[in-house]
Engineer: 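The structure is given below, and queries will be raised subsequently.
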Amino acid sequence: MNETQSTVLSILQDLTGEDVSSNMDTNLFDEGILDSMGSVQLLLELQNQLGIEVPVSEFERSEWDTPAKIVAKVESMQ
Amino acid sequence: MMSFDPYGNPTYFILLFVALLPLMIGLLYGRRSHIYESVISFVFLMLTFGGIKWHTGIALIIYLIYQITLVWLYSRYRQRPDTPNKGWIFVVSVILAIIPLAVVKITPAVHHGASSIIGFLGISYLTFKVVQTIMETRDGTIKEFHPILFGQFLLFFPTISSGPIDRYRRFIKDYDSVPTRTKYLELVEKGVRYIFLGFFYKFILAYIFGTVMLPTVEHAALQAHGLSWALLGVMYTYSMDLFFDFAGYSLFAVGVSYLMGIETPMNFNQPFKSKNIKDFWNRWHMTLSFWFRDFIYMRLVFFMMKHKVFKSRITTANVCYVINMLIMGFWHGETWYYIAYGLFHGLAMVVNDAWLRYKKKHQAQIPHNKFTEGFAIFLTFNVVCLSFLLFSGFLDTMFFAARP
């Protein structure tokens, strides 16, 4: 596991109280693990911890709905 | 000159089919003619905003010039190489974009129901499109501004009167390309199915609930004047009418868009199967609720969290739910029952979230089975129908209207 991935997973764990590392392809919204509030917190934490600025307009739910997709998104923006 | 409500009668559909046929043949052979599309758009806009309603057509033209200029100016400001991207310029731009709609919504409340001369059918939906474009320009997600494309986006005639609300970048992607033949045939198949399902919803089911049944139960409820079985009947009948009428219209708008090779997003996804209120807003008038989620709720939460307005994230979420839904209530119109409807749903979201948190904490003790799921759907359905009774304004008629 690389550094980005572990940071993203630890952010998700802090936000949702769940360890999602073994379910990288779970749909976080369908499962009720993440909601709009959680998404905003995620964006803020990405900014604080990794220095990635993601405007709310860029947050297209279908592109951020699994842990694997979030990691890929973050890596593409670094 | 002829004048129609969009999708209002068989003649409209026949004209639509005749006009779309050349365009469909073109798309089938991999060609898209923006000129032909513009011509039929113009014709159908004339049918909606011309004839005896010509003054609304003038209002629409002035509105368009105003908004396109506004977005163009804001976009020029954001594209300056040294753009300061000041918050207040953004806020002023959004306010300027909302002013015409605000005038149209407030006029009836202060002028005893008279409608404003600057109003026209669909002004709300155009305003949503303008405001979201300004916000995405502010975020830098929309980098270039093309007045003509933006105009095409605003005036896309299948959705102009009541949505669904598309997004600029999504629309332009479809508008500027031609689907492959396989893809287009799929779209046509779906589009035709949606249009026929729309006929069934709007002209059969909504007719039965709204035109045949509703007046009878309303009359009985007015006679009883208070809590009665008839009032419960009004609640369910009105809710069914509201759904089948609007879902039917939305199916027409989406179906016709598909025939034109534009994948306008869907507006409804079996809303009465929702397990809770949050689920409901992901299935009911989706393009509106997603608009509110993306352009009001999330931005408000982002702002409040960043500036640490409240210590607790739960408080932040709750305050934003209520503000978000209240704004939706005010958007519907300046009457007590629309605003109460907004407040009702804001509070329903707060209660919903509290329950979800409780459930998560006590996962082991709370049973989960087919029965509890059925009960959740039943409860959500009734809460939603109660909110629609409020929304309908029938309570206002029953309790406050002058009796004949």
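Per chain, numbering begins at 1; letters A, B, ... match sequence-line order. Since the model is a prediction, treat every value here as computed from it, not as a measurement.
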Engineer: Counting heavy atoms not belonging to E144(B), are there more than 12 under 6.0 Å from its CD?
Structural biologist: no
Engineer: Do R61(A) and F290(B) pass the side chain to side chain contact (heavy atoms under 4.5 Å, CB included) test, and can you show the C-alpha distance, the side-chain angles, and the key distance before you say yes or no?
Structural biologist: CA-CA 10 Å; R61(A) 254 191 201 212; F290(B) 295 166; over 6 Å; no
Engineer: Heavy-atom count around R169(B) CZ within 6.0 Å, excluding the residue itself: above 12?
Structural biologist: yes
Engineer: Within this structure, what is the CD-CZ distance for the pair E60(A) and R170(B), rounded to the nearest 0.5 Å?
Structural biologist: 10.0 Å
Engineer: Under 4.5 Å heavy-atom distance to chain B, tell me which part of Q47(A) shows up: side chain, backbone, both or neither.
Structural biologist: side chain
Engineer: Taking atom CZ of F302(B) and atom CG of L44(A), what is their separation to the nearest 0.5 Å?
Structural biologist: 4.5 Å
Engineer: Roughly how far, to the nearest 0.5 Å, is CE of M37(A) from OG1 of T316(B)?
Structural biologist: 5.0 Å
Engineer: As an exercise, state the distance from CD1 of I296(B) to OG of S36(A), rounded to the nearest 0.5 Å.
Structural biologist: 12.5 Å
Engineer: For chain A, which of R299(B), R313(B), Q132(B) has the most heavy-atom pairs under 4.5 Å?
Structural biologist: R313(B)
Engineer: Is it the backbone or the side chain of D35(A) that comes under 4.5 Å from a heavy atom of chain B, or both, or neither?
Structural biologist: side chain
Engineer: How many angstroms lie between atom CE of M305(B) and atom CD of Q41(A), to the nearest 0.5 angstrom?
Structural biologist: 4.0 Å
Engineer: Locate the shortest heavy-atom distance separating V56(A) from D139(B); write the atom from each residue and the value.
Structural biologist: N-OD2, 3.8 Å
Engineer: Is it the backbone or the side chain of F29(A) that comes under 4.5 Å from a heavy atom of chain B, or both, or neither?
Structural biologist: neither
Engineer: Could you tell me whether E18(A) and K360(B) have a side-chain N and a carboxylate O separated by less than 4.0 Å?
Structural biologist: yes
Engineer: Atom CE in M135(B), atom OG in S57(A): separation rounded to 0.5 Å?
Structural biologist: 9.0 Å
